[in-house]
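If you're wondering where the values come from, they're calculated on a predicted model, not measured in any experiment. Chain A is the first sequence line, chain B the second, and so forth, proteins listed ahead of strands; every chain is numbered from 1.
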2 protein chains.
Amino acid sequence: MKKDMDRMIIPKPAIVRLSTLYVLLENLEAEGKSMIYSAEIGKLLGVPSHTIRKDISFLRQAGTGNGYEITNLKNIIAEYLGFNKYKKACIVGMGRLGTVITTKNGFYSNQYAVVAGFDNNPEKIKKGRNDMDLYPMSKLKEVIDREQIKIGIITVPQSSARKVANELIDCGIKGIINFSPVLIEINREDVFIRNIFIAGEFNILSALISQYENKQTLGE
Amino acid sequence: MKKDMDRMIIPKPAIVRLSTLYVLLENLEAEGKSMIYSAEIGKLLGVPSHTIRKDISFLRQAGTGNGYEITNLKNIIAEYLGFNKYKKACIVGMGRLGTVITTKNGFYSNQYAVVAGFDNNPEKIKKGRNDMDLYPMSKLKEVIDREQIKIGIITVPQSSARKVANELIDCGIKGIINFSPVLIEINREDVFIRNIFIAGEFNILSALISQYENKQTLGE
DNA sequence: GACTGTGAAGTAGTTCACAGCA
DNA sequence: TGCTGTGAACTACTTCACAGTC
């Protein structure tokens, strides 16, 4: 296996941390801050400073030796991880959840670019929105092709989630954020899925709390 | 380090997978299915069958050698990971998102037990709900103590998320699911937080897609 | 002088491969 | 025969520690 290629393969957990760091940097930039240190980033992200330095070192071009210039670091991350390449997303399911998470100045505000919404209920399409275009499901392929969308968000009920995921993939979508309360698994290594699975989160917390208590009891 | 204690410490990723598996088993049980094999679970969860077998083997009591009896496996997981211990949660922020994710027969339905909702806007409390009790923020400690709640969900805007998290922890909450678009970090090893950070998910997908494309181009 | 950058060392998690069981 | 269960081997990730930089 070659190791000295221009662009090394970054470990997945590092990608996840850097992706989160990017959003953090955007916020700090908006607050007017200009420099930041690895120790500070670590505190904000809840990981040790050496992990941050290591993650940034995978990018092979960041530092000046004394802290990071926020705008610069942000741009390097975006360029290296390809954020600028795939900005556009579409959402399928314009029910209450779909509406909440895509409303500008709403809960998740304008942090990402959802350019098209789909629903098979014509009533939901008819309402219209002034910040994104709404279409019936029949237009899925046409719009995804035209807008070159690579990311899809699923906010349809459980019963149709799997079907919608397949449709999105058939239309060329390469990344899916699934909010429906069912796990979607993808047997293709070229399509990535992030399941936002709240019932699971709930159980994970119960388990972590119990484990912690057991560990305490065992005296370790 | 002792290795042969009754209840071994399970790796965190395994806890996460088992917690998710539990929800999956609940669904399968509801569909009337009674047996399942590791290969099948693996396919549904998107991980290899040996990972599943290994995860289950940490529980030290599951198998009969030929598939898993769903109800039995479910109960073993719940018992081992302590799901039955901490069932109750509360939610802070009864805005649109908070309402959507806690409405029964709504998007996330009745898969978890949110027993109390809090908001500092009296209008939102006044509306009332027939499936959970609503309170002003001033009742936080009282209700959490009385109901022995250990898990809190945060659906307040960015600006007050950090403050609410601290209040929850002061009231004895040990696990937090944070939906607000800001990372909350906790410097205590006895409190766990799961950040549902959608802008981050979006970036993660962009990055994974780009990485994949780079890997392909490099010919690996 | 204080911080970063990064090979090397260490640790945690995953995969293998096969023995054991129904 | 077909599946699970699990130490052992392996791989991936994290942490260390210190040389390099401003």
Has B:Thr51 got a side-chain N or O lying under 4.0 Å from the OP1 or OP2 atom of C:dT15?
-> yes
State, without any angle test, whether B:Tyr68 and B:Glu40 hold a side-chain donor-acceptor pair at a distance under 3.5 Å.
-> no
May I ask you to evaluate whether B:Tyr68 reaches the phosphate of C:dA22, defined as a side-chain N or O under 4.0 Å from OP1 or OP2?
-> no
Nearest-Å distance, CG (B:Asp55) to P (C:dT14)?
-> 7 Å
Do other residues, nucleotides or ligands put more than 12 heavy atoms under 6.0 Å from A:Lys12 NZ?
-> no
Under 4.0 angstrom, heavy atoms only, what part of the nucleic acid is A:Lys12 near: base, sugar-phosphate, or nothing?
-> sugar-phosphate
Could you state the atom-to-atom distance from CZ of A:Arg53 to P of D:dG20 in whole Å?
-> 16 Å
Report the distance from atom NZ of B:Lys54 to atom P of D:dA8, rounded to the nearest whole Å.
-> 10 Å
For A:Arg17 and D:dC13, give me the distance from atom CZ to atom P, rounded to whole Å.
-> 9 Å
Quick one: which of D:dC3, C:dC3, C:dG13 gets closest to the side chain of A:Asn66?
-> C:dC3
Tell me: CD of B:Glu69 to C1' of C:dA22, nearest whole Å?
-> 16 Å
Atom-to-atom span, OH of B:Tyr37 to C1' of D:dG2 - whole angstrom | 9 Å
Can A:Gln211 and B:Tyr80 be counted as having a side-chain donor-acceptor contact under 3.5 angstrom?
-> no
Here the ring pair (Phe, Tyr, Trp, His ring centres under 6.0 Å) pairs for residues 19-46 of chain A, sequence neighbours left out, are A:Tyr22-A:Phe83
Let me know the distance between CD1 of B:Ile41 and P of D:dC3, rounded to the nearest Å.
-> 13 Å
Picking from D:dC13, C:dG5, C:dT15, which would you name as closest to the side chain of A:Ser57?
-> C:dG5
When the distance from CE of A:Met35 to P of C:dA2 is rounded to whole Å, what number comes out?
-> 16 Å
Tell me yes or no: between the side chains of B:Gln158 and B:Ser180, is some donor less than 3.5 Å from an acceptor?
-> no
From the candidates C:dT14, C:dT4, D:dT14, the one with an atom nearest any side-chain atom of A:Pro13 is D:dT14
